[in-house]
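Order of appearance sets the numbers: ligands from 1, and atoms from 1 within every ligand.
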Amino acid sequence: MTVHVVTLFPGFFRGPLDEGILGRAVTEGRVRVDLVDLRPFGEGRHRVTDDYPFGGGAGMVMKPGPVVDAIEHVRRADADTRVVLLTPQGRPFCQEVAREFAGAGSLTLVCGRYEGFDERIRAFCDDEVSVGDYVLMGGEAAAWVVIEATARLIPGVLGDAASPEDESLSAGLLEYPQYTRPREFRGLRVPDVLLSGHHGEIAAWRRRQAVIRTARRRPDLLERADLSGEERELARRVLRGETVDEG
Ligand code: 6GU
């Protein structure tokens, strides 16, 4: 897949792109990241990209001209790219949106700095996403989150053995507890079932733990989770604060 990133800070992405799994995916040609510096699209001798808000108020606003010129520059080279504005006002980015983006072939992530974008920029984008209900100083860190979550779903990026979508996550649940050696650490033991070698029992224990953990920590996820009747009842009991068999 190709990801174009429109940004005033292309250097933000260079270090992380040279490292780790994403770096390898880029080297192997599975992911192409095209950093588009917004500065040359700025206006006047100083290549200005922001200005004072009409009507007054604190902070600066991204000017429409430079941002839309940069978007059109990308679209001329890659007509089918999906242009996504990064803004706390966008639709919440989640695993489902990452899946959608991974299937898109080409994405253009538009990062802003300052207090916001001129409203007219929105008409030139296909989508808007937010990575959470907090305010960042700019869209770059949000763009990196989108790139990470999306790229790992591209076939081959995680290597052949790893499956990018864990079963519990794709069912809309939190991950079950994981353990590795040693069997006992400072008096804390690994649950016996995981040492039993009974794959059916292990799978059942993990699924049950995922349901219990989701009910305790993220009850908001339960509504959309893919649960059996029995699992729904287990979740309801956890929510009511009843003691349940943890297996
Ligand atoms: Cl996408 N951008 C900025 N600037 N802040 C955010 C965000 C995006 N998502 C959450 N906070």
Side-chain angles (χ1 to χ4, degrees), residues 1-17 22 31 33-39 41-42 47-75 78 81-154 169 172 174 217-218 220-221 224:
M1 86 168 314
T2 300
V3 186
H4 309 275
V5 186
V6 175
T7 172
L8 281 170
F9 301 96
F12 179 98
F13 300 89
R14 291 205 181 105
L17 273 174
L22 207 44
V31 177
V33 180
D34 169 36
L35 300 173
V36 181
D37 187 358
L38 185 58
R39 186 60 64 189
F41 297 92
R47 299 284 170 243
V48 170
T49 58
D50 63 326
D51 206 341
Y52 297 96
F54 277 126
M60 303 291 276
V61 175
M62 299 292 294
K63 292 171 74 62
V67 176
V68 171
D69 283 351
I71 290 170
E72 288 179 338
H73 170 84
V74 172
R75 286 200 199 271
D78 188 356
T81 194
R82 173 145 167 200
V83 177
V84 180
L85 193 69
L86 293 160
T87 160
Q89 300 168 32
R91 65 180 172 133
F93 184 70
C94 62
Q95 192 65 20
E96 206 177 310
V97 179
R99 249 176 251 139
E100 196 185 309
F101 286 178
S106 174
L107 278 186
T108 299
L109 302 177
V110 181
C111 305
R113 285 267 146 181
Y114 320 110
E115 310 302 307
F117 295 97
D118 182 287
E119 187 63 19
R120 293 163 292 185
I121 290 169
R122 302 203 138 89
F124 298 83
C125 300
D126 305 310
D127 203 350
E128 298 180 25
V129 303
S130 164
V131 299
D133 292 336
Y134 40 78
V135 181
L136 301 171
M137 289 183 282
E140 283 76 13
W144 187 255
V145 168
V146 170
I147 292 169
E148 279 243 3
T150 302
R152 65 186 288 290
L153 300 178
I154 301 295
L169 247 170
L174 298 183
R217 298 186 183 204
R218 291 295 305 278
D220 58 297
L221 296 179
R224 295 202 300 154

Results of side-chain hydrogen bond (donor to acceptor under 3.5 Å, both in side chains) for Thr150 - residues two or more places apart only: none

Could I get the full list of side-chain hydrogen bond (donor to acceptor under 3.5 Å, both in side chains) partners for Arg224, not counting sequence neighbours? Glu96

As a quick check of understanding, evaluate side-chain contact (heavy atoms from CB on, under 4.5 Å) for Arg113 and Met60, giving each step before the final call. CA-CA 9 Å; Arg113 285 267 146 181; Met60 303 291 276; over 6 Å; no

Atom pair NE2 (His4) and CG (Asp78), whose distance is rounded to the nearest 0.5 Å: 3.5 Å

Checking Thr2 now: which residues fulfil side-chain hydrogen bond (donor to acceptor under 3.5 Å, both in side chains) with it, not counting sequence neighbours? none

Please produce the table of protein N or O atoms sitting under 3.5 Å from N or O atoms belonging to ligand 1, one pair a line, distance to 0.1 Å.
| residue | atom | partner | partner atom | Å |
| --- | --- | --- | --- | --- |
| ligand 1 | 5 (N) | Leu136 | N | 3.2 |
| ligand 1 | 9 (N) | Ser130 | OG | 3.3 |
| ligand 1 | 9 (N) | Val131 | N | 3.0 |
| ligand 1 | 11 (N) | Tyr134 | O | 2.5 |

Does one side chain, of Glu128 or Thr87, offer a donor that lies under 3.5 Å from an acceptor on the other? no

